[in-house]
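In what follows, a structure is listed as structure tokens, so that the remarks can point back to it.
Numbers here simply count residues along the sequence, with the first being 1.
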Amino acid sequence: REHNRIEPGDLGALREIFDRVDRDNSIRVLVITGTGKSFSSGYHIGALAERKSEPKKEDDPDAFAKMVDRLEALRVPTIAALNGGVYGGSTDVALACDFRIGVPDTRMFMPAARLGIVYYPSGLRRYVNRLGLGAAKRMFLTAEPIPSEELLRIGYLDEVVDPARLMVRVEELAATITANAPLALAATGFLTGAPCEML
């Protein structure tokens with residue numbers, strides 16, 4: 001699949017995985033990553049256009065947004081291991097995670113404005129809440145690629161590590177999390193993406 005592109009059929013499968021994670025109390029941390037040179041090229045724009053032009057009864061126009069919101073609401077802490085470029089809708093998949101660790105080649109690109117796509121409200125709120133209004137405006141209004149050092153500065157990335165150390169560092173972070181008691185905080189909604197007035 002081209003640069004780990006997310007297809008419409010993947011959305012249901014991902015939601016099923018998230019449901020399984022929530023049911024299995026032995027799972028303490030969820031790590032999301034890609035293979036090859038890209039984390040993900042985002043949601044399949046061609047499929048999205050086809051669905052809009054020939055909608056079917058079973059089509060849910062909010063399916064992608066619901067999948068990302070479901071990820072953010074997971075009971076366990078989540079880590080995005082960004083092994084390369086992160087584009088389009090996958091930028092929000094990573095942002096929905098609690099931690100994002102990238103490599104020097106990690107670049108983020110949000111082409112919604114260039115493609116004339118109206119982004120879903122929960123995604124826009126996530127960008128503003130987590131990165132600030134200024135950073136969110138820059139990403140959406142300019143549609144310019146942003147390199148890893150800038151992503152680190154604005155808080156999109158928590159760390160940048162050598163590619164050979166990416167999964168080692170992710171495993172270290174996961175071990176630190178599981179050695180603590182994050183589920184006690186999760187019960188408050190602090191770690192689960194539950195609405196919070198101060199955000």
* Between the side chains of H3 and S41, does any donor sit under 3.5 Å from an acceptor? -> no

* Is R138 salt-bridged to E150, going by a charged N under 4.0 Å from an acidic O? -> yes

* What is the distance from atom CG of L71 to atom CD1 of I32, rounded to the nearest 0.5 Å? -> 4.5 Å

* Asked: With a 4.0 Å cut-off, would you call E149 and R107 a salt bridge?
  -> no

* Hey, does L11 have a side-chain heavy atom less than 4.5 Å from the side chain of K66? -> no

* Asked: Backbone N or O of G102 within a donor-acceptor pair of the T106 side chain at under 3.5 Å?
  -> no

* Asked: Where do D158 and F99 come nearest, in terms of heavy atoms and distance?
  -> OD2-CA, 3.2 Å

* Do Y156 and L131 come close enough that some side-chain heavy atom pair is under 4.5 Å? -> yes

* What do the steps show when you test L82 against M108 for side chain to side chain contact (heavy atoms under 4.5 Å, CB included), and what is the final call? -> CA-CA 10 Å; L82 303 179; M108 193 273 259; over 6 Å; no

* Asked: Does a side-chain heavy-atom distance below 4.5 Å link I27 with R75?
  -> yes

* Where is the tightest heavy-atom contact between L152 and L157, given as atom of each residue plus distance? -> CD1-O, 3.4 Å

* To do: Check whether any side-chain heavy atom of I79 sits under 4.5 Å from a side-chain heavy atom of I177, and report yes or no.
  => yes

* Any chance the side chains of N4 and S38 put a donor and an acceptor closer than 3.5 Å? -> no

* When rounded to the nearest 0.5 angstrom, what is the spacing between CD in E72 and CG in L74? -> 10.0 Å

* To do: Hey, could you give me each pair passing side-chain hydrogen bond (donor to acceptor under 3.5 Å, both in side chains) that has a residue in residues 83-95? Not counting sequence neighbours.
  => T91-Y127, D92-Y120, D92-R126

* To do: Calculate, to the nearest 0.5 Å, the distance between atoms CD1 and CE belonging to I17 and M67 respectively.
  => 10.5 Å

* Below 4.0 angstrom, N of the basic side chain to O of the carboxylate: do R5 and E7 qualify? -> yes

* Distance-minimising heavy-atom pair for V31 and A81 -> CG1-CB, 4.4 Å

* Approximate separation, where rounding is to 0.5 Å, of R153 CZ and S148 OG -> 13.0 Å

* Please report the shortest heavy-atom distance between P104 and V160, naming the atom on each side. => N-CG1, 3.6 Å

* Backbone N/O of V21 and side chain of D24: donor-acceptor pair under 3.5 Å -> no

* Asked: Any side-chain heavy atom of F18 within less than 4.5 Å of one from D22?
  -> no

* Using salt bridge (charged side-chain N to carboxylate O under 4.0 Å, His left out) as the criterion, list what pairs up with R169, not counting sequence neighbours. => E159, E172

* Asked: Would a distance-only check, ignoring hydrogens and angles, find a side-chain to backbone donor-acceptor pair under 3.5 Å from D98 to T78?
  -> yes

* To do: Taking all non-hydrogen atoms of both residues into account, name the closest pair between A136 and V128 and its distance.
  => CB-CG2, 3.9 Å

* **Cluster check F109, I6: I/L/V/M/F/W/Y, side chain < 4.5 angstrom** => no

* Asked: So, do L95 and R100 sit near enough that their side-chain heavy atoms are less than 4.5 Å apart?
  -> yes

* **CG-CG distance between L133 and N129, expressed to the nearest 0.5 angstrom** => 10.5 Å

* Asked: Just wondering, do R28 and V76 contact through their side chains at under 4.5 Å, heavy atoms?
  -> no

* After noting the C-alpha distance and the side-chain angles of I101 and V161, does the key distance pass the side chain to side chain contact (heavy atoms under 4.5 Å, CB included) rule? -> CA-CA 7 Å; I101 300 178; V161 299; 4.0 Å; yes

* Kindly indicate whether the side chain of I154, heavy atoms from C-beta on, has any atom under 4.5 Å from the side chain of M139. => yes

